[in-house]
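Chain letters run A, B, ... following the sequence lines, proteins first and then strands; every chain starts at 1.
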Protein chains: 2
Amino acid sequence: MSDAKDRLRLWLRLLKLTRRTEAELRDRLRSDFATTLPRFDVMAALSQHEDGLKMSHLSAVLRVSNGNVTGIVDRLVDEGFVERRPVAGDRRAMIVRLTKSGRDEFARQAAAHEGWIDALLQDIPAEEARQLSARLAHLTQDKESADAV
Amino acid sequence: MSDAKDRLRLWLRLLKLTRRTEAELRDRLRSDFATTLPRFDVMAALSQHEDGLKMSHLSAVLRVSNGNVTGIVDRLVDEGFVERRPVAGDRRAMIVRLTKSGRDEFARQAAAHEGWIDALLQDIPAEEARQLSARLAHLTQDKESADAV
DNA sequence: GGCAGTTCCTTTGAGCTTAAAATATTCTGG
DNA sequence: CCAGAATATTTTAAGCTCAAAGGAACTGCC
């Protein structure tokens with residue numbers, strides 16, 4: 001029973017750290033780049049898929065609902081960072097990919113993002129970060145890995 | 001420079017773990033208790049303040065905006081779990097507190113919640129949970145602690 | 001060929017979230 | 001006392017989020 005309390009305490013602290021850090025990232029994305037974390041996440045996913053992703057594939061990668069991605073992509077298209085193009089041979093599907101402007105913008109955002117994280121987690125020594133990272137790696141590996149692309 | 005990458009990797013894994021766990025909690029709160037995480041958070045905060053909290057104080061504790069709390073409390077009041085009462089001597093302010101029904105309901109939710117966390121973080125040995133928890137404790141302590149109640 | 005079931009995407013409705021504006025009340029300095 | 005500043009809360013507008021429903025297109029089976 002005490003074990004449960006210990007895990008609960010750990011959970012609450014993890015939550016506190018991640019929420020605080022996420023809030024900070026949101027603020028900076030807003031003030032420095034006039035964007036949001038969900039938009040950043042979408043662009044990050046697309047930047048790793050040069051050839052673009054189908055909408056359904058994109059929402060699977062991000063683990064959010066289909067309808068959710070529709071709205072975010074709509075706004076990114078409006079701003080010219082992303083484009084939708086039809087898929088040859090399947091008129092239902094759409095491929096989403098970064099435009100040139102989107103790639104440039106994301107490169108700037110990603111560089112800033114990495115610096116922010118480094119600063120925000122400064123109190124964690126690099127060596128400890130590596131150890132923790134390794135420990136978490138096998139905790140977070142997908143148990144139902146239904147997302148082999 | 002490699003240190004920044006290490007911290008970034010750690011951050012991405014922390015985010016993965018907490019998002020996955022939070023998503024699981026949301027699902028269960030919804031299916032087992034027909035409630036949401038924000039509602040749970042509000043009730044948790046109120047359960048630690050027997051005498052209730054002013055709206056502004058509640059939003060400070062939860063670190064969310066004032067307007068946000070207004071809507072959540074509205075719904076909890078509709079369901080009879082929470083009540084607003086005027087503050088003697090200040091007609092602007094309202095004290096929010098759990099009703100009897102709210103205390104009973106939260107007790108059930110909190111018990112289930114603790115069990116869920118224990119199960120979800122089962123892969124972390126209790127001893128490691130304690131160590132990590134201690135390490136995180138001094139990372140997450142408020143640097144600007146402007147919320148001594 | 002045709003129709004039944006599936007897949008892909010968008011729409012809809014409800015709730016959460018914030019920043020900023022709006023209301024109402026209280027405090028303060030003159 | 002009273003005008004202006006400060007405080008407490010709600011409202012508003014925009015965006016994120018999901019589940020569920022809807023429309024269009026594809027696939028497989030007869």
How long is the line joining [atom1] of [X] and [atom2] of [N], in whole Å?
{"X": "B:M94", "N": "C:dT26", "atom1": "CE", "atom2": "P", "answer": "13 Å"}
{"X": "A:I72", "N": "C:dT10", "atom1": "CD1", "atom2": "P", "answer": "12 Å"}
{"X": "B:R19", "N": "D:dC18", "atom1": "CZ", "atom2": "C1'", "answer": "15 Å"}
{"X": "B:R84", "N": "D:dT9", "atom1": "CZ", "atom2": "C1'", "answer": "9 Å"}
{"X": "A:D78", "N": "D:dA14", "atom1": "CG", "atom2": "P", "answer": "14 Å"}
{"X": "B:R85", "N": "D:dT9", "atom1": "CZ", "atom2": "P", "answer": "15 Å"}
{"X": "A:L76", "N": "D:dG15", "atom1": "CG", "atom2": "P", "answer": "12 Å"}
{"X": "A:R39", "N": "C:dT17", "atom1": "CZ", "atom2": "C1'", "answer": "14 Å"}

Checklist entry - If only side-chain N and O atoms of B:T70 are considered, is one of them under 4.0 Å from the OP1 or OP2 phosphate oxygen of D:dT9? => result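 Checking D:dT9 against B:T70, no side-chain N or O comes under 4.0 Å of OP1 or OP2.
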Item to check | Short side-chain N/O contact from A:N66 to OP1 or OP2 of C:dC9, under 4.0 Å | outcome: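 No, outside the criterion.
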Checklist entry - If you find the nucleotide of DNA chain C closest to A:A93 and the one closest to B:N68, which residue's nucleotide is nearer the 5' end? => result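 Between the two, 5'-proximity favours A:A93.
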Drop me the distance from [X]'s [atom1] to [Y]'s [atom2], to the nearest 0.5 angstrom.
{"X": "B:L76", "Y": "B:E79", "atom1": "CG", "atom2": "CD", "answer": "6.0 Å"}
{"X": "A:L14", "Y": "B:I124", "atom1": "CG", "atom2": "CD1", "answer": "7.0 Å"}
{"X": "B:Q109", "Y": "B:D104", "atom1": "CD", "atom2": "CG", "answer": "11.0 Å"}
{"X": "A:R135", "Y": "B:D123", "atom1": "CZ", "atom2": "CG", "answer": "9.0 Å"}

Give [X] one of three labels, base, sugar-phosphate or nothing, depending on what nucleic acid heavy atoms sit under 4.0 Å from its own.
{"X": "B:V69", "value": "nothing"}
{"X": "A:L37", "value": "nothing"}
{"X": "B:S56", "value": "sugar-phosphate"}

Using every non-hydrogen atom in the two residues, find where [X] and [Y] come nearest and quote the distance to one decimal.
{"X": "A:P38", "Y": "A:I72", "value": "CB-CD1, 3.7 Å"}
{"X": "A:W11", "Y": "B:I117", "value": "CD1-CD1, 3.3 Å"}
{"X": "A:K54", "Y": "A:A93", "value": "CD-CB, 3.8 Å"}

Next on the checklist: If we check salt bridge (charged side-chain N to carboxylate O under 4.0 Å, His left out) with A:D118, which of these qualifies: B:R9, B:K5, B:R7?
Outcome noted: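 Exactly one candidate clears the test, B:R7.
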Next on the checklist: Between B:E105 and B:R39, does any side-chain N to carboxylate O distance fall below 4.0 Å?
Outcome noted: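 Salt bridge between B:E105 and B:R39, a charged N being under 4.0 Å from a carboxylate O: no.
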Checklist entry - So among B:D32, B:T21, B:D27, B:L121, which one has a side chain to side chain contact (heavy atoms under 4.5 Å, CB included) with B:W116? => result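 Of the listed options, the one satisfying the test is B:D32.
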Item to check | side chain to side chain contact (heavy atoms under 4.5 Å, CB included), paired with A:L37, selected from A:R30, A:H113, A:R26 | outcome: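 Result: among A:R30, A:H113, A:R26, A:R26 is the only option passing the side chain to side chain contact (heavy atoms under 4.5 Å, CB included) with A:L37.
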Next on the checklist: Dot-bracket, 5' to 3', for DNA chain D please: Watson-Crick or G-U pairs under 3.5 Å, [ ] where pairs cross earlier ones, | where the partner sits on another strand, dots elsewhere.
Outcome noted: ||||||||||||||||||||||||||||||
Checklist entry - Under a single-linkage definition using a 4.5 Å side-chain heavy-atom cutoff for Ile, Leu, Val, Met, Phe, Trp and Tyr, are A:V77 and A:L98 assigned to the same hydrophobic cluster? => result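 Result: yes, single cluster for both.
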Checklist entry - For DNA chain D, whose closest nucleotide is more 5', that of B:V87 or that of A:P38? => result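 Looking at DNA chain D, the more 5' nearest nucleotide goes with B:V87.
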Item to check | 5'-most by nearest nucleotide on DNA chain D - B:M55 or A:D90 | outcome: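 By nearest-heavy-atom nucleotide position, the 5'-most residue is B:M55.
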Checklist entry - So which of residues 25-35 of chain B are in contact with DNA chain C, with a heavy-atom cut-off of under 4.0 Å? => result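 Under 4.0 Å from DNA chain C: no residue of residues 25-35 of chain B.
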Checklist entry - Just by protein heavy atoms under 4.0 Å, how would nucleotides 1-7 of chain C read 5' to 3' in B, S and -? => result ------B
